[in-house]
Amino acid sequence: MPFKRYVEIGRIALVNYGKDYGKLVVIVDVIDQNRALVDAPDMVRGQMNFKRLTLTDIKIDIKRVPNKKTLIAAMEAADVKNKWENSSWGRKLIVQKKRASLNDFDRFKVMLAKIKKAGVVRQELAKLKKETA
Amino acid sequence: MAPQQRKPHVCRNPDLIRGVGKYSRSKMYHKRGLWAIKAKNGGAFPKHEKKAVEAAPAEKPPKFYPADDVKKPLVNKRKARPTKLRASITPGTVLIILAGRFKGKRVVFLKQLTSGLLLVTGPFKINGVPLRRVNQSYVIATSTKVDISGVNVEKFDDKYFGKKVEKKKKKGEGEFFEAEKEEKNTLPQDKKDDQKSVDAALIQSIEAVPDLKSYLGARFSLKAGMKPHELVF
């Protein structure tokens, strides 16, 4: 019931609406009740409404409004990229992106692989059933 | 020196805004060097002599004027050319046919004919689609390409696919009629040989890619959850 992810300086958030949809950004300052100053290595620092952000578990150690160089160094030190890509949330997003970019031929190959895998699983299950029966 | 080898010439009078050049008329006169051309020619601009205009032959007034004005058709300078081919369709592309008896079949694109239709083949052994013409509008182009370098499609054109003109026979009843019908149903042997020769090289390059043969043998269909406007083909 209590909140676990807080809006604080250094909190990594995911943009869920707008031009920067899907980007990971760092909250570098809070402007007022509704807006934060937000920065990322590949974007110009700017304001964003909190409603456009979804907080993540990752937090980095920075002072209020660091310059780009310091920000990038802090993100490297905290290893944000790898932490994100190994988290279950990050992995889900990567899989969604991969699925959306599949070619018609790729989708066919995935279907064949699924059928093959299901066949193997079914064989093993049949073996186990035979043993217990 | 061939004209194509010249460097692209920079404009002498660049636009400040559309319709307004940077230099005035007098400046442009100087820039073009018209003063130098005049000086070379002794003060006046060099002139060519006009070609002597031959006197037009005297036309007699027409004997007959139509009572009503005859309308002339409007001038039409359009040229007939084959339909513009989508950039995603190149020789060797796998296409999905969307209509007709082969709907859903994945097929290899060979070339565009002069009528604008696309020449396409199954290959026949893999999915039963023969050498066939198909309209570009009834086709989805996938991004899968097959190596088509070993295939020679020079001899196929629209005439190859046209209906055969029947020789006019006398209207004989009974025996004549039945004999004619039996001949029409079979495909001539040379068309079958054409199919085989085109497909031979194609099938080799298809078998080089794993799963491509079964891919071409399967039909495409929309399943639950597939949104065509979001699918990448």
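More than 12 heavy atoms of other residues, nucleotides or ligands sit less than 6.0 Å from atom NZ of A:Lys68. More than 12 non-hydrogen atoms from other residues, nucleotides or ligands lie less than 6.0 angstrom from NZ of B:Lys191. B:Gln204 CD: 12 or fewer foreign heavy atoms inside a 6.0 Å radius. By the 6.0 Å contact criterion, CG on A:Asp61 is open, its count of non-hydrogen atoms from other residues, nucleotides or ligands being 12 or less. Annotation: B:Lys213, atom NZ; neighbour count of heavy atoms from other residues, nucleotides and ligands within 6.0 Å does not exceed 12. Within a 6.0 Å radius of CD in B:Gln189, other residues, nucleotides and ligands contribute more than 12 heavy atoms. The environment of CZ in A:Arg99 is sparse: at most 12 heavy-atom neighbours from other residues, nucleotides or ligands sit within 6.0 Å.
Nearest heavy-atom pair, A:Phe108 versus B:Arg106, reported as atom, atom and distance to 0.1 Å: CD1-NH1, 4.3 Å. Nearest approach of A:Phe105 to B:Pro210, heavy atoms of both residues: CZ-O, 3.6 Å. Closest approach of A:Leu112 and B:Ser214 over heavy atoms only: CD1-OG, 4.3 Å.
Rounding to the nearest 0.5 Å places CZ of A:Arg107 at 9.5 Å from NZ of B:Lys223.
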Original post:
Checking side chain to side chain contact (heavy atoms under 4.5 Å, CB included) for the pair B:Tyr215/A:Asp104: CA distance, chi angles, key distance, verdict?
Top reply: CA-CA 9 Å; B:Tyr215 173 63; A:Asp104 189 43; 2.7 Å; yes
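The contact between B:Ser143 and chain A is made by backbone and side chain atoms together, counting heavy-atom distances below 4.5 Å. Using a 4.5 Å cut-off between heavy atoms, B:Ile140 makes no contact with chain A at all. Only the backbone of A:Leu102 has a heavy atom closer than 4.5 Å to any heavy atom of chain B.
When side chains are defined from C-beta on, B:Thr144 counts as touching A:Asn103, because their heavy atoms get closer than 4.5 Å.
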